[in-house]
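We're numbering straight along the sequence, starting at 1.
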Amino acid sequence: MIVVDAQADPEGAVRAACQVLRSGEPVAIPTETVYGLAGDIHNERSIQRIFGIKARPNDNPLICHVASIEMAQNYVIFDDMALTLARSFWPGPLTLVLKRKLAGRAIEMAAASLPTLAVRVPQGFSRDLIESFGSGLAAPSANLSGRLSPTSANHVTTNLGNRMAMVLDGGPCTIGLESTVVEVSDGKCRLLRPGGLDVTAIQSVIGTSLVNVAAGQGFKSPGMMASHYAPSAKVRLDARQVFPGEALILFGPHSVAGAANAVAAFNLSEKGNLKEAASRLFDTMVQADASGAGTIAVTTVPCVGLGLAINDRLRRSAAPRPL
Ligand code: TXA
Ligand code: MG
């Protein structure tokens with residue numbers, strides 16, 4: 001596996017990545033949210049490799065990353081509300097699930113045969129890469145299915161390094177949480193996954209509130225399974241004290257009883273800033289897990305703004321795990 005420095009030589013990195021992508025092999029790429037495992041969405045082998053490398057169930061659909069609204073229109077149909085959202089928030093941490101246009105076998109596999117396809121225009125380097133590549137890249141987060149999402153090239157190489165050909169190192173992800181996923185149809189906007197774009201920003205643009213499917217029951221999408229983002233250690237939420245043998249993750253200026261005896265202690269944001277906490281969340285979980293503690297105790301993070309997505313990830317990482 002080769003690690004290419006995409007900060008030192010972005011154009012060279014784009015060239016090298018395009019060559020690997022054309023051969024039908026996925027490449028791990030930095031985006032503003034998390035690192036993605038990107039493959040040519042028109043190539044069946046690429047899509048098979050993505051599912052294989054991640055050990056991802058074939059019925060969990062992938063997001064098609066594009067460079068523009070125009071490129072997205074090759075794959076999906078936009079209604080007025082979807083266009084408004086795309087114009088307001090792309091490039092950025094918003095994924096739109098829209099009616100899929102008829103296309104080949106590879107896209108069918110990426111979409112898990114659903115009548116919809118998720119599309120997103122990412123910011124910065126990854127968008128430049130897609131523009132050079134010239135068509136859509138399917139990219140789930142570059143982690144083993146069900147585990148923590150990677151926010152640095154190092155996370156990717158540690159977990160998937162022996163399974164893939166190339167990782168582009170673009171430094172730490174600025175947002176640090178996956179995109180907010182909404183489905184737009186019949187003039188309604190449904191929240192499928194809270195994420196890096198605050199839902200209140202979406203509501204202010206569409207002028208109505210979102211239907212919160214993410215909080216409901218019965219929607220079959222593995223990204224919304226109760227257990228996800230799982231470190232090896234157990235996770236205990238809303239901790240007010242630390243027990244012997246536990247690692248501690250704080251939020252804000254106040255500590256808790258027993259903190260001095262924690263195996264390792266971290267703070268998502270001493271100032272209590274949710275944006276900072278979001279950007280540090282996964283890396284802090286990785287470090288807390290590496291401490292070897294059997295349990296990671298996490299203090300309360302307020303459930304407002306980006307706190308919604310942070311709490312969603314924390315709850316899933318603490319959920320009972322399948323055997
Ligand atoms: O920020 C992100 O979204 C990152 C970066 C790499 O762009 N990608 C990412 O992909 O988080 P992934 O595959 O880890 O999560 C995508 C989520 C999953 O929960 C998947 O089930 C859902 O989006 N999804 C994808 N296509 C869908 C569709 N057609 N209908 C409903 N849900 C869909
Ligand atoms: Mg994921």
Side-chain angles (χ1 to χ4, degrees), residues 26 31 33-34 36-66 69 71-83 85-86 89-90 93-122 130 135-146 149 178-195 197 199 202 206 210-228 312 316:
T31 83
T33 58
V34 300
L37 182 60
D40 180 356
I41 200 160
H42 295 280
N43 182 327
E44 277 181 57
R45 185 187 129 80
S46 299
I47 306 302
Q48 263 160 358
R49 286 281 294 142
I50 289 174
F51 281 103
I53 290 169
K54 275 184 66 84
R56 179 169 171 123
N58 286 324
D59 63 358
N60 188 5
L62 308 177
I63 298 172
C64 176
H65 294 68
V66 289
I69 296 178
M71 196 187 278
Q73 282 170 330
N74 295 328
Y75 302 100
V76 290
I77 298 163
F78 285 77
D79 63 11
D80 287 346
M81 188 185 275
L83 260 188
L85 287 169
F89 298 115
W90 281 358
L94 174 68
T95 292
L96 297 173
V97 172
L98 301 174
K99 196 168 183 319
R100 182 159 62 89
K101 289 189 173 171
L102 278 183
R105 186 69 203 112
I107 295 178
E108 188 78 26
M109 281 164 57
S113 299
L114 292 172
T116 53
L117 183 69
V119 287
R120 166 166 117 82
V121 178
I130 301 162
S135 55
L137 293 179
S141 49
N143 52 283
L144 283 175
S145 185
S149 296
E178 301 91 334
S179 60
T180 300
V181 181
V182 300
E183 178 169 10
V184 180
S185 64
D186 308 325
K188 287 203 185 71
C189 186
R190 299 174 185 82
L191 178 66
L192 302 187
R193 177 179 74 181
L197 178 65
V199 290
I202 298 177
I206 60 175
L210 293 179
V211 183
N212 192 346
V213 182
Q217 303 283 314
F219 185 83
K220 290 271 186 309
S221 171
M224 299 171 62
M225 285 194 319
S227 174
H228 205 80
D312 171 82
R316 290 178 206 281

Q) With no hydrogens and no angle check, do the side chains of E183 and T116 hold a donor and an acceptor under 3.5 Å apart? A) no
**Q.** Straight-line distance of L98 CG to L83 CG, nearest 0.5 Å
**A.** 9.0 Å
Q. What distance do D40 atom CG and L137 atom CG have between them, rounded to the nearest 0.5 Å?
A. 7.0 Å
Q: Flag the pair L94 / V182 as yes when at least one side-chain heavy-atom distance between them is below 4.5 Å, and no otherwise.
A: yes
Q. About how many Å separate CG of L192 and OG1 of T180, when rounded to the nearest 0.5 Å?
A. 10.5 Å
(Q) Looking at every heavy atom in both A118 and T95, which two are closest together, and how far apart are they? (A) CB-CG2, 3.6 Å
Q: Nearest 0.5 Å please: distance from the OG atom of S46 over to the CE atom of M109.
A: 9.0 Å
Q) Is there a side-chain contact between P115 and R100, using heavy atoms and a 4.5 Å cut-off? A) no
Q) Under 3.5 Å, is there a donor-acceptor pair linking the side chains of T33 and R120? A) yes
Q: Could you pull out the closest heavy-atom pair between I50 and L37, with the gap in Å?
A: CD1-O, 3.6 Å
Q: Considering non-hydrogen atoms only, spot the tightest contact between P122 and H65 and give its length.
A: CG-CD2, 4.2 Å
Q | W90/L96 under side chain to side chain contact (heavy atoms under 4.5 Å, CB included): CA gap, chis, key distance, verdict | A | CA-CA 10 Å; W90 281 358; L96 297 173; 3.7 Å; yes
Q: Locate the shortest heavy-atom distance separating A86 from F78; write the atom from each residue and the value.
A: CB-CE2, 4.0 Å
Q: Taking the side chain as every heavy atom from C-beta outward, state whether T31 and S179 have any pair of such atoms under 4.5 Å apart.
A: no
Q) Could you state the interatomic distance from CG (N58) to CZ (R56), rounded to the nearest 0.5 Å? A) 10.0 Å
Q: Say whether, by atom type as modelled, one donor and one acceptor occur between the side chain of D186 and the main chain of K188 under 3.5 angstrom.
A: no
Q | Plane angle bin for H42 and Y75 - parallel if under 30°, tilted between 30 and 60°, otherwise perpendicular | A | tilted
Q: Please report the closest heavy-atom contact between L117 and L62, naming both atoms and the distance.
A: CD1-O, 4.2 Å
Q. So which heavy atom on S141 is nearest to which on K54, and how close?
A. O-NZ, 2.7 Å
Q: Enter the distance from I53:CD1 to Q48:CD here, rounded to the nearest 0.5 Å.
A: 11.5 Å
